[in-house]
Protein chains: 2
Amino acid sequence: MKNVPGSAAGPAASEQPTERIPSAERREQILRAATAVFGERGYAQATTDRVAQAAGISQPYVVRMFGSKENLFLEVLDRALGRIMESFRAVLADPDDSPVGPRLGRAYVNLIEDRGILLCLLQAFMLGHDETIGRKARQGFLAIYRLLRDDVGLDADDARRFLAEGMLINTLLAVRMTDDYATDVCAQEILESAFSSKLDLVLDVARRDSGADAGRPAASGRA
Amino acid sequence: MKNVPGSAAGPAASEQPTERIPSAERREQILRAATAVFGERGYAQATTDRVAQAAGISQPYVVRMFGSKENLFLEVLDRALGRIMESFRAVLADPDDSPVGPRLGRAYVNLIEDRGILLCLLQAFMLGHDETIGRKARQGFLAIYRLLRDDVGLDADDARRFLAEGMLINTLLAVRMTDDYATDVCAQEILESAFSSKLDLVLDVARRDSGADAGRPAASGRA
DNA sequence: GTCTATACAAAGATAGAC
DNA sequence: GTCTATCTTTGTATAGAC
């Protein structure tokens, strides 16, 4: 039972044999799906087939459009880095007078709404041993560091501390610490400490994403 | 060209068809090899065959001894957590009067000599989506947190900060930031900031491990 | 622009000999 | 205690039709 074009199972006869949409749009759709899948399972455990299912298209088409799984991941990584930098720059541009640190932190956590962005970053960092991906991952890390140093104006210690908190956040998300929020006081404590005002958002998103294991189409609107 | 028992390629006719050693010892040997491989490639990308090569035995034997790859990883994770806790407890037991924080930090970084221990931990954290491994990973994380809170006596904020620095360290190791140490000032700066007095050790270990890609036997002594 | 069919490689696991 | 041979599944990628 793979992804069926216009077969039964559906509540009537409506699903066209996959809409024919412009490749640019399709690209973005696939990237979005791939980000969720790579973020959740990691590069190696993510399959092009799961990405395809999440995007609602066939596996060969995913490969066709991006050339290879590795290439797809590289584009996903690029996109994720872009979102992060963009998000930080938006904070810097905002004429708010409260301290930047916390504002950047909140902006970072807000990115969890964009499913998989943060996790893909961490997944990429885990691939340092890979010739191609590793290099790009290091570049990405350093690009963020430079932004903190040069554009935000943090000193080396503050930049390190900021990144450290970011890595902790990534880790808590990756290990799904929210699963233990309700049953373990320590889990609760560290989550509150790490996310503070953004904890509700994190818990909401975790609830939303759980069950909807990135893989098959996210229950599209039209039923 | 797999791992050959007593074939050619060797500098003479010496290598016995793999020594017959007691299973307890072999177990430890495999766990050590597996820690290096899992740490470097991650759970999914690590193959039982690479572990076997690193341990100098056949692939089926690895599976035979641990039942499955998943089980092997779980034991590796257990062992890694044990080493960390043990190492922290040793610091607490040490009648040194300098502040505990930095001493714990140095003890943590010292663990990189035990190849893969730190990385396996992070790799496990990345597997939160996995029913079995994810649960154990969360437990491990929380066990460390409790040790910091209860045994070390840190408050929630300090414990969080300590863990955050630890996650940054893990990430820097995983992404192999040391590869850029010589060529990128930012890489140099953040490595110095994150590892401070232990940077030399880190660079040494990186040099030692590079090239010796965990996979084939680590150039055993007798040539 | 998108699919079906399929070739091909990799990897985990099992059987059974030594 | 340890290996060789091998089954089986899964997953990437290609060919070619619609």
Side-chain angles (χ1 to χ4, degrees), chain A residues 1-7 15-31 33-34 37-38 41-76 130 132-133 215-217, chain B residues 1-7 15-31 33-34 37-38 41-76 130 132-133 215-217:
Chain A
M1 201 206 299
K2 296 187 158 187
N3 58 324
V4 241
S7 73
E15 304 264 37
Q16 301 86 337
T18 307
E19 289 175 82
R20 194 181 172 86
I21 70 181
S23 76
E25 194 175 326
R26 189 62 96 184
R27 260 185 100 75
E28 176 59 20
Q29 190 180 42
I30 298 178
L31 283 174
V37 177
F38 280 131
R41 335 268 297 191
Y43 179 68
Q45 245 177 357
T47 67
T48 52
D49 189 59
R50 276 189 102 83
V51 172
Q53 285 177 239
I57 58 177
S58 72
Q59 179 268 330
Y61 190 24
V62 171
V63 175
R64 163 75 68 105
M65 181 155 284
F66 290 87
S68 69
K69 177 182 170 180
E70 179 177 59
N71 218 49
L72 172 59
F73 185 77
L74 289 172
E75 297 217 28
V76 162
D130 181 289
T132 327
I133 302 180
R216 72 216 90 275
Chain B
M1 196 208 299
K2 299 187 155 187
N3 58 325
V4 241
S7 74
E15 305 264 35
Q16 302 88 334
T18 308
E19 287 176 82
R20 192 183 175 83
I21 70 181
S23 76
E25 196 174 325
R26 190 61 96 182
R27 260 185 98 76
E28 177 60 21
Q29 192 180 41
I30 298 177
L31 282 174
V37 176
F38 280 130
R41 335 268 297 191
Y43 179 68
Q45 247 178 353
T47 66
T48 52
D49 190 59
R50 276 188 103 85
V51 171
Q53 284 176 240
I57 58 177
S58 72
Q59 179 267 330
Y61 191 23
V62 172
V63 175
R64 164 73 69 104
M65 180 155 285
F66 289 88
S68 70
K69 178 182 171 180
E70 178 178 60
N71 217 49
L72 172 60
F73 185 77
L74 288 171
E75 297 217 28
V76 162
D130 181 289
T132 326
I133 302 180
R216 70 215 90 274

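Hydrogens, waters and symmetry mates are skipped; everything else that's a heavy atom, side chains included, is used. Proteins get letters first, then strands, A, B, ... in listed order; numbering begins at 1 in each.
- Within residues 20-27 of chain A, the residues that have a heavy atom under 4.0 Å from DNA chain C are, in order of number, R20(A), I21(A), P22(A), S23(A), R26(A).
- The side chain of Y61(A) has dT2(C) as its nearest neighbour among dG12(C), dT12(D), dT2(C).
- Side-chain atoms of Q59(B) and base atoms of dA11(C) include no donor and acceptor less than 3.5 Å apart.
- Rounded to whole Å, the distance from CZ on R50(B) to C1' on dA10(C) is 13 Å.
- Remark: T47(B) pairs with no residue by the side-chain hydrogen bond (donor to acceptor under 3.5 Å, both in side chains) rule, at least two apart or across chains.
- Taking atom CD of Q53(B) as the reference point, atom C1' of dT2(D) lies 16 Å away to the nearest angstrom.
- For R64(A), there are no side-chain hydrogen bond (donor to acceptor under 3.5 Å, both in side chains) partners, not counting sequence neighbours.
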What protein N or O atoms touch nucleotides 15-18 of chain D N or O atoms at under 3.5 angstrom, if any, and at what distances?
residue: dG16(D); atom: O6; partner: R64(A); partner atom: NH2; Å: 2.9

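- Residue T48(A) has a polar side-chain atom (N or O) positioned under 4.0 Å from OP1 or OP2 of dT12(D).
- When the P atom of dA10(C) is taken as reference, atom NZ of K69(B) falls 15 Å away, rounded to whole Å.
- The CE-C1' distance, from M65(B) to dA13(C), rounds to 16 Å in whole Å.
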Exercise. Between L72(B) and L31(B), does a side chain to side chain contact (heavy atoms under 4.5 Å, CB included) hold up when you go through it step by step?
Worked result: CA-CA 8 Å; L72(B) 172 60; L31(B) 282 174; 4.0 Å; yes
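- Between atom OG1 of residue T48(A) and atom NZ of residue K69(A) there is a gap of 7.0 Å, rounded to the nearest 0.5 Å.
- With I30(A) as the partner, the side-chain contact (heavy atoms from CB on, under 4.5 Å) test is satisfied by one option alone out of E25(A), M65(A), E75(A): M65(A).
- No side-chain heavy atom of R41(B) sits less than 4.5 Å from a side-chain heavy atom of D130(A).
- Every residue meeting the ring-ring contact (aromatic ring centres under 6.0 Å, His included) condition with Y43(B), not counting sequence neighbours, appears here in chain and number order: F38(B), F73(B).
- Residues forming a side-chain hydrogen bond (donor to acceptor under 3.5 Å, both in side chains) with E28(A) (at least two apart in sequence, or on another chain): R79(A).
- In this structure, CG of D49(B) is placed 14 Å from P of dA5(D), rounded to the nearest angstrom.
- E70(B) has its CD atom 16 Å from the C1' atom of dA11(C), to the nearest Å.
- Summarising the geometry, atom CZ belonging to R50(B) is positioned 13.5 Å from atom CD belonging to Q59(B); distances are rounded to the nearest 0.5 Å.
- What separates CD of Q45(B) from C1' of dG11(D) is a distance of 14 Å, to the nearest Å.
- Rounded to an integer number of Å, the gap from CD1 of I57(B) to P of dT4(D) is 12 Å.
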